Visitor: 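Structure incoming, see below.
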Amino acid sequence: MENCQVQTLNLETSKVLPSFNFLKEIEQKSGQQISRCYQCKKCSGGCPMNFAMDLHPSQVVRYVQLGLRDALLKSNTIWICAACKTCVARCPNGIDVAAINDCLKQMANPNMLAREEKSVKAFHQAFLDSVAKHGRVHELGMMIGYKLKTGTYTKDAPLGLEMFKKGLLKILPHGINNKKEVQEIFRLAKEKSK
């Protein structure tokens, strides 16, 4: 991630024809009024992850406004966003870029992602799978799921063994109250995304 550079469009050599269909689709799916953004860039200025992003949060919003679907779905930004909500706290119009990124993640084609972003997506999916199954994250199970998805079986083995010895990785998941309610949330979210 050291060589990340912010993408810019060369408007002299390419024409951008805004797609209002894409804008309306993302506004509806994310629940954000993206068309209200006037590019003050406060979201980008406060984002703690913008150093690692190829598109800053304000650019994500602008690309949606312009209908640049492919560039957004290929971007590492949608996977790197920490969903800390700093963007929405700073935005004068209350636009939540993390909600937009979540919507774009659902639309992203995994074949278009670079290798690093695939590992981020695999980690994200392993985390969600663990919470959906157990009602909260089970660290050991999540890491096993991640390793199976990425094929990096022994990469962190010494660190994992040390964590296990110190009791930081439990063999069995912790039980929670109302586990079925959490599973129902995941079921409804999956049903809604279809």
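Because the structure is a prediction, the values reported are computed rather than measured. We number each residue from 1, following the sequence as shown. Worth knowing before you read on, the calculation uses all heavy atoms, side chains too, and leaves out hydrogens, waters and symmetry mates.
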Visitor: Looking at residues at least two apart in the chain, or sitting in another chain, which of them share a side-chain contact (heavy atoms from CB on, under 4.5 Å) with F186?
Guide: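 With sequence neighbours excluded, F186 shows a side-chain contact (heavy atoms from CB on, under 4.5 Å) to L128, V131, A132, V182, given in chain and number order.
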
Visitor: Does NZ belonging to K155 count more than 12 external heavy atoms closer than 6.0 Å?
Guide: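 12 or below, so no.
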
Visitor: Among residues two or more places apart or on two chains, list those pairs meeting salt bridge (Lys or Arg N to Asp or Glu O under 4.0 Å) that have a residue in residues 135-147.
Guide: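 Checked against salt bridge (Lys or Arg N to Asp or Glu O under 4.0 Å) - neighbours excluded - the pairs reaching residues 135-147 are K147-D156.
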
Visitor: Provide the closest heavy-atom pair for S75 versus I78 in the form atom of the first, atom of the second, distance.
Guide: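 What the structure gives for the nearest pair is O-CG1, 3.6 Å.
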
Visitor: Any donor-acceptor pair under 3.5 Å linking the side chain of D54 with the backbone of N76?
Guide: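 Checking the backbone N and O of N76 against the side chain of D54, a donor-acceptor pair under 3.5 Å is found.
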
Visitor: Between E184 and K180 (salt bridge meaning N to carboxylate O under 4.0 Å), is one present in this structure?
Guide: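 Salt bridge absent between E184 and K180.
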
Visitor: Got a donor-acceptor contact below 3.5 angstrom from the T150 side chain to the Y146 backbone?
Guide: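 Looks like yes, one N/O pair under 3.5 Å.
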
Visitor: What residue among K105, Q106, M107 forms side-chain contact (heavy atoms from CB on, under 4.5 Å) with C103?
Guide: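 It is M107; the other options fail the test.
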
Visitor: Applying ring pair (Phe, Tyr, Trp, His ring centres under 6.0 Å), name anything that partners F22, two or more places apart in sequence or on another chain.
Guide: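 Ring pair (Phe, Tyr, Trp, His ring centres under 6.0 Å) list for F22, sorted by chain: empty.
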
Visitor: Of all residues at least two apart in sequence or in a different chain, which pass the salt bridge (Lys or Arg N to Asp or Glu O under 4.0 Å) check with K149?
Guide: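 Testing K149 for salt bridge (Lys or Arg N to Asp or Glu O under 4.0 Å), a comparison that skips the adjacent residues, returns D129.
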
Visitor: Going by distance alone, is a donor N or O of one side chain under 3.5 Å from an acceptor N or O of the other, for N50 and S44?
Guide: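 S44 and N50 do not have a side-chain donor-acceptor pair below 3.5 Å.
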
Visitor: Report yes or no: do R62 and Q59 form a side-chain donor-acceptor pair below 3.5 Å?
Guide: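 On atom types as modelled, these side chains do not qualify, holding no pair under 3.5 Å.
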
Visitor: Do other residues, nucleotides or ligands put more than 12 heavy atoms under 6.0 Å from the CD1 atom of I171?
Guide: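 Counting other residues, nucleotides and ligands, CD1 of I171 stays at 12 neighbours or fewer.
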
Visitor: On a heavy-atom basis, which atom in G145 and which in A126 lie closest, and how many Å separate them?
Guide: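 Looking at all heavy atoms of both residues, the shortest contact is C-CB, 4.2 Å.
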
Visitor: Would you name the heavy atoms of C37 and Q65 that are closest together and state the gap between them?
Guide: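 Where C37 meets Q65 most closely, the heavy atoms are O-NE2, 3.3 Å.
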
Visitor: If you link ILVMFWY side chains whenever their heavy atoms are less than 4.5 Å apart, which other residues fall into the same cluster as V88? By chain and number, please.
Guide: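 For V88, no cluster forms, as it stays isolated from other hydrophobic side chains.
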
Visitor: Please report the shortest heavy-atom distance between Q32 and A99, naming the atom on each side.
Guide: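 What the structure gives for the nearest pair is NE2-CB, 3.9 Å.
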
Visitor: With sequence neighbours left out, what residues match K133 under salt bridge (Lys or Arg N to Asp or Glu O under 4.0 Å)?
Guide: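 Here no residue qualifies.
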
Visitor: Strictly distance-based, threshold 3.5 Å: is any side-chain N or O of H134 a donor or acceptor partner for the main-chain N or O of K179?
Guide: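 Not a single qualifying donor-acceptor pair exists.
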
Visitor: So does S58 get a backbone contact from the side chain of Q39, meaning a donor-acceptor N/O pair under 3.5 Å?
Guide: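 Pair found, side chain donor or acceptor close to backbone of S58.
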
Visitor: Determine whether a donor-acceptor pair (N or O, by modelled atom type, separation under 3.5 Å) exists between the side chain of R90 and the backbone of K42.
Guide: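 Yes; judged by distance alone, with no hydrogens or angles, the pair exists.
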
Visitor: Between R36 and E27, does any NZ, NE, NH1 or NH2 come within less than 4.0 Å of an OD or OE carboxylate oxygen?
Guide: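 Between R36 and E27 there is no salt bridge, as every charged N stays at least 4.0 Å from the carboxylate O atoms.
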
